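The structure appears below as structure tokens.
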Amino acid sequence: MFHPDTVALTIPYLLSGLKVTLLLAIMIVPLAFGVGTLVAIVANARSRPAQLAAYLYIDFFRAFPPLVLIIFVFYALPFLGLRLPEIPAFVLAMTLNGSAYFAEIVRAGLAAVPKGQYEAAQATGLNGFQVLAYVALPQALKKVRPPLLSNVLELAKATSLASVVAIAELLRNARIAQGAVYDPTPLLMAALVYLAIFWPFVRLLSLIEKRQPFKPA
């Protein structure tokens, strides 16, 4: 293992896969956060039907294992007349799954904002959207920063599931390289790359959690 020739052959595969992994994370995390925030806002609306729809969305997609959702979107939707390429299908599946978790986190944050904050903001003449955008949402996101960052980390790590639909991300390319060199060096190198990327984020998250433990409403 870790012979110079094997490492030299493996590095181009890993670099190519790493680019795809980072691209997937850059697409999925903002989309999931944006959709999740909108769902959380709806879940805190005064309309009972809107709340019910939001809670159904959250519960439904949180109940689905990510792998099952990926397989369903990529392999089952074509039977319903909707065929998506590999990357859009994976991004859609992970956005649906990740947004449900983001929605629950942000919803809890909004619920933790004291009602007096809403009333005081409205008393200054702000409309509903302004109260949400300038007062409630910033406070809510600050309150739930640790679980938000934890979900970002989980979504980024879940990009390794893209190999299921033959997307050439880091893990799949490592497996391809393994088939070319006939030893586990590419997989070990891929594991080290994952560790180098995510370990600093995990340590940062641990420090934030110690300084700001999440206390749900």
Side-chain angles (χ1 to χ4, degrees), residues 1-37 61-80 82-103 105 147-206:
M1 293 186 292
F2 291 107
H3 297 298
D5 291 343
T6 302
V7 172
L9 179 64
T10 300
I11 287 176
Y13 285 94
L14 298 187
L15 289 177
S16 176
L18 180 59
K19 291 178 182 178
V20 176
T21 292
L22 294 176
L23 176 63
L24 291 173
I26 290 171
M27 288 190 293
I28 292 167
V29 171
L31 282 172
F33 175 73
V35 173
T37 301
F61 287 112
R62 287 176 70 195
F64 260 104
L67 182 58
V68 174
L69 192 56
I70 293 165
I71 292 173
F72 177 81
V73 170
F74 187 71
Y75 293 105
L77 286 186
F79 290 98
L80 301 177
L82 179 60
R83 181 180 298 275
L84 296 175
E86 291 86 349
I87 289 181
F90 180 76
V91 170
L92 173 60
M94 293 309 301
T95 297
L96 292 173
N97 181 261
S99 64
Y101 286 93
F102 275 128
I105 294 168
L148 278 179
L149 293 177
S150 180
N151 199 45
V152 169
L153 177 62
E154 292 304 314
L155 272 180
K157 291 192 296 185
T159 55
S160 61
L161 295 174
S163 60
V164 173
V165 289
I167 296 175
E169 45 71 63
L170 181 59
L171 178 61
R172 178 171 174 79
N173 275 15
R175 293 171 65 185
I176 293 172
Q178 181 189 22
V181 299
Y182 300 104
D183 73 44
T185 298
L187 292 178
L188 292 174
M189 291 177 65
L192 291 175
V193 172
Y194 279 119
L195 182 63
I197 294 173
F198 295 124
W199 184 79
F201 196 90
V202 170
R203 292 306 312 150
L204 175 62
L205 181 58
S206 296

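Predicted model only: the values in this text are computed from it and were never measured. Because only heavy atoms are used, hydrogens play no part in the values below, and waters and symmetry mates are left out as well, while side chains stay in.
- Residues Phe74 and Leu84 fail the side-chain proximity criterion, which asks for heavy atoms closer than 4.5 Å.
- Partners of Lys19 under the salt bridge (charged side-chain N to carboxylate O under 4.0 Å, His left out) rule, at least two apart in sequence or in another chain, do not exist in this structure.
- Nearest heavy-atom pair, Ala168 versus Asn173, reported as atom, atom and distance to 0.1 Å: CB-OD1, 3.3 Å.
- Within the model, atoms CE of Met94 and CD of Glu154 stand 9.5 Å from one another, a figure rounded to the nearest 0.5 Å.
- The closest side-chain heavy-atom distance from Ile197 to Leu18 is below 4.5 Å.
- Taking 4.5 Å as the limit, some side-chain heavy atom of Leu80 sits within range of a side-chain heavy atom of Leu77.
- The ring pair (Phe, Tyr, Trp, His ring centres under 6.0 Å) pairs that include a residue from residues 10-36 are Phe33-Phe102, where partners are two or more places apart or lie in different chains.
- Nearest heavy atom pair, residue Ala180 against residue Leu9, reads CB-CD2, 4.4 Å.
- Between Leu96 and Leu92 there is a side-chain heavy-atom pair separated by less than 4.5 Å.
- Residues passing the side chain to side chain donor-acceptor pair (under 3.5 Å) test with Tyr194 are Glu169, sequence neighbours excluded.
- Minimum heavy-atom separation, Phe201 to Val152: CZ-CG1, 4.2 Å.
- Between the CZ atom of Phe64 and the CG atom of Asn97 there is a distance of 10.0 Å, given to the nearest 0.5 Å.
- Nearest approach of Arg62 to Tyr101, heavy atoms of both residues: O-OH, 3.4 Å.
- Contact of the Ile167 side chain with the Arg172 side chain is not registered, since no non-hydrogen atoms from C-beta on lie closer than 4.5 Å.
- Distance check: Leu187 CG to Leu171 CG gives 7.0 Å after rounding to the nearest 0.5 Å.
- The structure places CG of Leu153 at 12.5 Å from CG of Leu148, a figure rounded to the nearest 0.5 Å.
- Residues Leu161 and Phe90 approach most closely at C-CE1, 3.8 Å, considering heavy atoms.
- Residues satisfying the side chain to side chain donor-acceptor pair (under 3.5 Å) criterion with Ser99, sequence neighbours excluded, are Tyr57.
- Looking at residues two or more places apart in sequence or on another chain, you find a side-chain contact (heavy atoms from CB on, under 4.5 Å) between Arg203 and Trp199, Ser206.
- Every residue two or more places apart in sequence or in another chain that forms a side-chain contact (heavy atoms from CB on, under 4.5 Å) with Val91 is listed here: Leu24, Met27, Ile28, Leu31, Ile87, Thr95.
- Here the closest heavy-atom approach between residue Pro186 and residue Leu14 is recorded as O-CD2, 4.2 Å.
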